[in-house]
Amino acid sequence: MSFSSRRRNYLLTPHRRDGLIEWMKSMLQHSFVLDALGSTAHDTFLHFEMLIEEHRRMDSECGQSRLQQLVPTIGRFHTPLHLCEAFEIYNRKHRLTKRKHIQISFNEIRHIMNLAQILALRSRVPGKGACQLMMSFRGEIPASDETPTTAILSEGDEALEFDDNGSSSASSSSSQLNAPKLITFDADQTLYKNEKDFEANPQLMQYLELLLRHGVLLAFCTSTEYGNQDRFASLFKYFEEQQLPQSACDNFYLFAAECNYLFQLNHEDYRLHPVNERGPGGWFITTQFLLDAPGNWKESNVEALLDAVQNESMQAMQDLCLDDRASIVRNRRSIGIVPNPGLELPRETLDEMVLCVEEQICGMNDSLGPGLPYSAYNSGSEVWVNVGNKRVGVQILQSYLGVQASESLHVGDQFVNEKATVGNAYFARTATPCIWVISPKETEYSLKTILRLAGNVDLPLLPPDSITCNGAGGSSMTSHHHGYHRQGALASPRLPPRKVISTPDSISESELAA
């Protein structure tokens with residue numbers, strides 16, 4: 001993990017913290033100081049679990065829960081969280097209660113919450129805990145409470161360990177897993193590292209394939225304006241080499257520009273093809289009952305939002321002396337501030353521009369806001385503002401594919417406080433259960449845990465060089481986020497200072513495949 005990624009995800013600044021995790025950490029600190037974590041941690045996590053369940057009940061009754069009073073920024077929980085069970089599993093591996101000098105960390109609580117969410121999204125077998133359930137699927141019986149944990153969700157390369165010598169007999173490839181019906185993903189830092197692709201993580205490609213073959217719907221929700229396929233070329237090449245059947249290809253979607261352009265994987269050429277927007281079965285038409293769906297947006301409101309963002313971006317660049325270091329790029333549904341080739345912008349500068357733009361947007365229409373959903377965020381190297389956000393994208397996918405919120409899961413890397421809006425994955429929390437990862441490796445561990453808990457799929461050992469993908473191809477792109485970077489599309493050796501570049505209003509399927 002790069003140092004910049006580490007700084008972004010370890011939340012060293014006040015506007016990059018999660019209120020619930022910080023509160024849980026503070027509650028556990030007392031027990032650690034008193035050297036009583038071993039005897040009190042179980043009851044503490046059980047109390048967290050009860051407060052969350054009370055909050056879920058009060059949320060449906062429009063009341064204020066005790067948890068909301070303690071953590072005002074708390075959001076919605078779509079499922080119960082099995083925090084006590086997740087802590088016991090995690091503690092068996094990492095022995096948190098045995099430590100005497102280092103208290104439980106923010107990231108460790110995040111891992112426990114991720115595991116608790118995964119546990120909650122599978123059907124429960126009465127009378128069996130997580131470890132017993134996984135071992136029973138393999139035909140093993142735990143000898144005692146000291147039996148090693150079979151699945152741990154964590155951060156390091158060896159933090160997630162499984163007994164790969166024993167596995168369940170594989171069921172039919174078309175059977176539905178005991179897992180979420182729909183899993184959506186962020187792209188950068190979730191599926192691949194910045195400016196990289198899937199070639200660096202062949203195991204992740206295998207897990208995605210297994211999920212598709214077993215009937216799980218997968219969707220990548222990316223901020224890229226038109227779904228840059230170069231980032232997914234090695235994944236699609238792998239699908240083609242594995243002869244992924246049409247039924248599995250039909251389960252794969254990509255939502256570009258957060259929620260503006262929907263694509264589906266085609267079995268004939270293993271490429272993304274646009275899903276019909278209008279006409280019978282068109283996703284624009286079938287999701288118009290959703291208030292914030294793109295089919296209900298007025299172009300005048302879209303242009304007003306983009307104009308306000310562009311004007312504020314130009315002012316911010318002038319105030320921060322970025323005229324000769326960055327450029328403004330305007331697409332049909334997004335605006336970005338992008339460093340000129342060969343240059344980088346400091347993290348603090350990117351955050352400052354995001355918050356300046358956010359303030360301008362909130363002040364539109366006499367401080368009523370733009371009247372449209374949007375997302376403004378720091379991608380790590382650029383600043384982007386999209387019309388629409390991941391909440392709308394996930395809700396459209398749930399409606400279009402007929403999946404309930406409690407049956408879906410979003411995996412993302414940028415979840416921050418409501419008022420920061422620097423993380424574009426935050427909005428997905430209101431539409432679906434979420435897992436917070438900080439690297440593609442953690443995504444891989446999460447999917448491996450989901451597959452293991454599903455209980456009816458083999459996970460054979462995968463040698464490092466067992467998958468070769470030659471489909472990534474070269475690219476003339478100098479950055480990785482939006483449609484203006486497509487090969488042959490508005491590519492220039494150096495963007496002039498503060499030049500505003502506009503992309504076409506629409507893109508054809510042939511252009512997408514170019």
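Index from 1, following the sequence.
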Inset, instruction - Using distance alone, with no hydrogens and no angle criterion, decide if N91 and T97 have a side-chain donor and acceptor under 3.5 Å apart. - result: yes

Inset, instruction - Report yes or no: does D413 contribute a side-chain atom to a donor-acceptor pair with the main-chain N or O of D186 at less than 3.5 Å? - result: no

Legend entry - Side chain S31, main chain L28, donor-acceptor under 3.5 Å: no

Legend entry - Min side-chain heavy-atom separation L345-M353 under 4.5 Å: yes

Legend entry - Flag for Q117-T79: side-chain donor and acceptor within less than 3.5 Å: yes

Legend entry - Test item: S399 side-chain N/O and I396 main-chain N/O as donor-acceptor pair under 3.5 Å: no

Inset, instruction - Report yes if some heavy atom in the side chain of P294 is under 4.5 Å from a heavy atom in the side chain of V392; otherwise report no. - result: yes

Inset, instruction - May I ask you to decide if L210's main-chain N or O and H214's side chain share a donor-acceptor pair within less than 3.5 Å? - result: yes

Legend entry - Inter-residue atom distance K448.NZ - L451.CG, 0.5 Å rounding: 10.0 Å

Legend entry - Heavy-atom side-chain contact between H78 and Q404 under 4.5 Å: no

Legend entry - Under 3.5 Å donor-acceptor, E54 side chain and R66 backbone: yes

Legend entry - Distance (rounded to the nearest 0.5 Å) between L235 CG and D197 CG: 9.5 Å

Legend entry - Parallel, tilted or perpendicular: ring planes of F198 versus F220, cut at 30 and 60 degrees: parallel

Inset, instruction - Take atom CG of L34 as the centre, draw a 6.0 Å sphere, and report whether it contains more than 12 heavy atoms from other residues, nucleotides or ligands. - result: yes

Inset, instruction - Compare all side-chain heavy atoms of Y192 with those of F232 and state whether any distance is below 4.5 angstrom. - result: yes

Inset, instruction - Find the distance between OG (S105) and CD1 (I21) and round it off to the nearest 0.5 Å. - result: 10.0 Å

Legend entry - Test item: side-chain donor near acceptor, Q68 and H55, under 3.5 Å: no

Inset, instruction - Determine, step by step, whether K193 and S439 satisfy the side chain to side chain contact (heavy atoms under 4.5 Å, CB included) criterion, reporting the C-alpha distance in whole Å, the side-chain angles of both residues, the deciding distance to 0.1 Å, and the verdict. - result: CA-CA 7 Å; K193 294 182 179 180; S439 69; 5.9 Å; no

Legend entry - Closest non-hydrogen atom pair, E352 against L320: CG-CD1, 4.1 Å

Inset, instruction - Indicate yes or no: at least one non-hydrogen side-chain atom of L67 is less than 4.5 angstrom from one of F77. - result: yes

Inset, instruction - To the nearest 0.5 Å, tell me how far E258 CD sits from S334 OG. - result: 9.0 Å

Legend entry - N-O pairing of R231 and D188 below 4.0 Å: no

Inset, instruction - Report the C-alpha separation of L208 and F252 in whole Å, then their side-chain angles, then the decisive distance to 0.1 Å, and conclude whether the side chain to side chain contact (heavy atoms under 4.5 Å, CB included) test is met. - result: CA-CA 10 Å; L208 293 172; F252 184 92; 5.9 Å; no

Inset, instruction - Applying side chain to side chain contact (heavy atoms under 4.5 Å, CB included), run through V309 and Q360 and close with a yes or a no. - result: CA-CA 7 Å; V309 171; Q360 178 66 25; over 6 Å; no

Inset, instruction - May I ask you to decide whether D18 forms a salt bridge with R110, counting only side-chain N to carboxylate O separations under 4.0 Å? - result: no

Inset, instruction - Check each of T184, L397, L182, I183 against S408 using the side-chain contact (heavy atoms from CB on, under 4.5 Å) test, and report the only one that passes. - result: L182

Inset, instruction - Please determine which of L217, V403, I450 meets the side-chain contact (heavy atoms from CB on, under 4.5 Å) test together with P180. - result: I450

Legend entry - Closest approach of V437 to E442 (non-hydrogen atoms, all atoms of both residues): CA-OE1, 3.4 Å

Inset, instruction - Check for a donor-acceptor pair, side chain of N386 on one end and backbone N or O of G388 on the other, with a separation under 3.5 Å. - result: no

Legend entry - Interatomic distance, E348 atom CD to D351 atom CG [nearest 0.5 angstrom]: 7.0 Å

Legend entry - Expected output: side-chain T40 to main-chain A36 donor-acceptor under 3.5 Å: yes

Inset, instruction - Answer yes or no: are there more than 12 heavy-atom neighbours, outside I102 itself, under 6.0 Å from its atom CD1? - result: no

Inset, instruction - Taking all non-hydrogen atoms of both residues into account, name the closest pair between A405 and T432 and its distance. - result: O-OG1, 4.1 Å

Inset, instruction - Say whether, by atom type as modelled, one donor and one acceptor occur between the side chain of E312 and the main chain of V357 under 3.5 angstrom. - result: no

Legend entry - Ring centers of F45, F48 separated by less than 6.0 Å: yes

Legend entry - Student check: side-chain heavy atoms of I112 and M24 closer than 4.5 Å: no

Legend entry - Residue pair Y374 / E358, side-chain donor-acceptor N/O under 3.5 Å: yes

Legend entry - Validation row: L115, F87 side chains within 4.5 angstrom (heavy atoms): no

Inset, instruction - Check the pair W436 / M113 against side chain to side chain contact (heavy atoms under 4.5 Å, CB included), numbers first and verdict last. - result: CA-CA 9 Å; W436 185 350; M113 294 190 70; over 6 Å; no

Legend entry - Exercise: identify the closest heavy-atom pair between T287 and A293: O-CB, 3.3 Å

Inset, instruction - Using atom types as modelled and distance alone, determine if a side-chain donor or acceptor of H111 lies under 3.5 Å from a backbone N or O of N107. - result: yes

Inset, instruction - For residues W23 and I74, determine if any side-chain heavy atom of one lies less than 4.5 Å from a side-chain heavy atom of the other. - result: no

Legend entry - Gap separating the OG1 atom of T222 from the CG atom of L254, nearest 0.5 angstrom: 6.5 Å

Inset, instruction - Sort out for me which residue in K93, K25, R99 forms a salt bridge (charged side-chain N to carboxylate O under 4.0 Å, His left out) with E108. - result: R99

Legend entry - Atom of A86, atom of A116 and distance for their closest heavy-atom approach: CB-N, 3.6 Å

Inset, instruction - Tell me, yes or no, whether the heavy-atom count around Q64 atom CD, taken from other residues, nucleotides or ligands under 6.0 Å, exceeds 12. - result: yes

Legend entry - Closest approach of T430 to R76 (non-hydrogen atoms, all atoms of both residues): O-NH1, 4.1 Å

Legend entry - Side-chain (T443) to main-chain (L191) donor-acceptor, under 3.5 angstrom: no

